[in-house]
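Before any comments, here is the structure.
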There are 2 protein chains.
Amino acid sequence: MSKTALQTFEPRKTPVQARSAASVQAILQATVQVLLQEGKVKLTTTRVAQRAGVSVGTLYQYFPNKSALLQALLKAHLDGVADAMEKACAAAHGASLATMAELLTSAFVDAKFHDIEASVALYAVSDDVEGQRIARQMRVRASKAMTALFKSAYTGGIAEPTRVAETLLSAMAGVSRGMLESGVKPGTMAAMRRELTVLARSYLCASAE
Amino acid sequence: MSKTALQTFEPRKTPVQARSAASVQAILQATVQVLLQEGKVKLTTTRVAQRAGVSVGTLYQYFPNKSALLQALLKAHLDGVADAMEKACAAAHGASLATMAELLTSAFVDAKFHDIEASVALYAVSDDVEGQRIARQMRVRASKAMTALFKSAYTGGIAEPTRVAETLLSAMAGVSRGMLESGVKPGTMAAMRRELTVLARSYLCASAE
DNA sequence: TATTTAGATGAAGAAAGCTTCAGGTTTGGA
DNA sequence: TCCAAACCTGAAGCTTTCTTCATCTAAATA
């Protein structure tokens with residue numbers, strides 16, 4: 001086994017006492033804060049530790065390296081989104097396309113805007129090579145579930161369910177991103193939700209044979 | 001004036017001989033290549049210069065710093081997209097919503113996929129703080145033009161042209177990104193073009209009063 | 001209470017990158 | 001041909017960051 005190629009990203013130690021669990025939480029939150037306020041280029045392990053109120057050594061006790069810290073954060077976030085989408089697909093099984101559109105957009109928006117700060121901050125992380133891999137996994141999970149859902153459609157089936165699923169998912173992701181990156185205002189958010197529903201519904205219905 | 005705050009991003013020197021113009025071109029292309037093959041974290045000025053076949057010193061003769069190099073690349077790319085969108089809006093003025101949908105998606109896809117390598121590579125750049133600023137400027141230009149276009153719609157006007165413009169633009173961006181980041185295959189591209197047109201047309205028509 | 005285990009600390013080693021600049025080469029005009 | 005301007009070079013200074021580890025403190029356990 002090559003020495004350099006093998007790089008573990010597993011946590012070095014799992015917290016067993018309450019004290020250390022708090023440290024880990026503080027570190028994760030601090031990472032989001034630093035990402036938002038300083039940007040990814042200025043994110044250093046020392047700075048994160050400082051803001052979390054712990055020492056660098058503590059950080060390295062739970063995360064083997066800086067990259068693992070960022071990946072853990074991104075994975076947790078995207079897993080949440082994928083979970084939400086799968087749940088929504090299960091709930092919408094057999095419904096009409098219009099209902100599917102509503103449930104899917106609701107689930108996506110809720111999941112993505114649940115922790116707005118993290119969502120915004122993590123865009124900076126998702127473009128690293130490893131970040132892209134994680135994002136892709138999430139897309140695969142979601143679009144698989146959506147494809148299966150479309151096949152179960154109550155009225156007029158969709159000719160190319162996979163393609164439609166991927167397109168719709170990307171579109172929702174794009175619209176959310178556009179909004180998150182240009183600053184979310186409470187009022188605008190409700191409007192976006194509506195637009196996204198309109199978009200999803202009209203696209204799905206247009207895709208039905 | 002603060003010493004640190006003032007940072008110029010203007011080129012240090014403008015090429016006047018053919019030799020230097022070639023160097024600049026080589027550097028820009030090399031940047032894309034390094035970005036694609038090594039990723040942004042491993043992109044160093046030395047590596048870029050090496051791949052371009054020049055020395056670091058030469059690089060710094062035309063770009064005041066690493067950030068300026070990346071920004072120049074991103075700006076050129078996004079300016080191209082914004083130009084294309086404005087042109088398409090001018091061409092579609094007064095047409096039907098369906099025609100608008102087709103012209104807008106065509107323009108966007110053509111511009112974005114004109115230089116696929118650069119498009120893919122530059123996603124990694126667009127998430128830096130300065131990159132986001134540049135991306136925002138492009139979005140503003142495009143959505144302004146689109147808003148004006150929608151107001152000129154031949155049949156049934158759109159109630160909230162600005163919101164619809166921003167939503168559609170983000171959706172197109174999202175779908176393109178999804179495709180570019182998961183690897184473009186020639187066949188799939190034509191399909192995506194169709195899906196995007198369907199999406200745009202159905203969304204625009206659904207948004208008409 | 002004594003002992004062991006978990007957790008925390010932060011100075012410092014090591015590595016890497018950005019940027020400069022003094023000096024060399026090429027080009028184009030006079 | 002000769003000179004000035006444009007262009008190129010790359011070793012090295014300076015800074016920054018990651019990561020380790022010997023040492024200390026707190027908690028749990030017997």
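Since this is a predicted model, take the numbers as computed values, not measurements. Just so we're on the same page: letters track the sequence lines, and every chain starts at 1.
- Within the 4.5 Å cutoff, the side chain of B:Cys89 has heavy atoms near those of the B:Met146 side chain.
- Toward the 5' end of DNA chain D, the nearer of the two residues A:Gly57 and B:Gly57, judged by each one's closest nucleotide, is B:Gly57.
- Taking atom CD on A:Gln17 and atom C1' on C:dT5, their separation rounds to 8 Å, with Å as the unit.
- For residues 22-45 of chain A, proximity to DNA chain C is found at A:Ser23, defined as any non-hydrogen atom under 4.0 angstrom from a strand atom.
- Taking atom CG of residue B:Asn65 and atom P of nucleotide D:dC14, one finds them 20 Å apart after rounding to whole Å.
- Within 6.0 Å of NZ in A:Lys66 there are more than 12 heavy atoms belonging to other residues, nucleotides or ligands.
- One atom, CG of A:Leu70, and another, C1' of D:dC18, lie 13 Å apart when rounded to the nearest Å.
- Between B:Phe150 and B:Thr162 the shortest side-chain heavy-atom distance does not fall below 4.5 Å.
- Considering only the side chain of B:Val56, D:dG10 comes nearest among C:dA8, D:dT19, D:dG10.
- A:Glu102 and A:Arg201 are joined by a salt bridge, as a carboxylate oxygen and a charged side-chain nitrogen come within less than 4.0 angstrom of each other.
- Between the CD atom of A:Gln61 and the C1' atom of C:dG7 there is a distance of 6 Å, given to the nearest Å.
- The interatomic distance linking A:Leu59 (CG) with D:dT17 (P) rounds to 15 Å, in whole Å.
- Looking only at distances, no side-chain donor or acceptor of B:Arg139 sits under 3.5 Å from a matching main-chain atom of B:Glu166.
- Side chain of B:Val16, nearest nucleotide from D:dC7, C:dT19, D:dC8: D:dC7.
- At C:dT20, none of the side-chain N or O atoms of B:Tyr60 fall inside 4.0 Å of OP1 or OP2 (strictly under the cut-off).
- Regarding contacts with the backbone of C:dG28, every side-chain N or O of B:Arg19 stays at 4.0 angstrom or more from both OP1 and OP2.
- For the pair B:Tyr62 and D:dC8, the criterion of a side-chain N or O lying under 4.0 Å from OP1 or OP2 is met.
- Rounded to whole Å, the distance from NZ on A:Lys66 to C1' on D:dT16 is 11 Å.
- For the pair B:Ser55 and D:dT9, the criterion of a side-chain N or O lying under 4.0 Å from OP1 or OP2 is met.
- Here A:Glu86 pairs with A:Arg141 in a salt bridge; the nearest charged N to carboxylate O distance falls below 4.0 Å.
- Contact check, A:Thr58 against C:dT9: a side-chain N or O comes under 4.0 Å of OP1 or OP2.
- Partner of A:Val109 under the side-chain contact (heavy atoms from CB on, under 4.5 Å) criterion, out of A:Met172, A:Met179, A:Met192, A:His114: A:Met192 alone.
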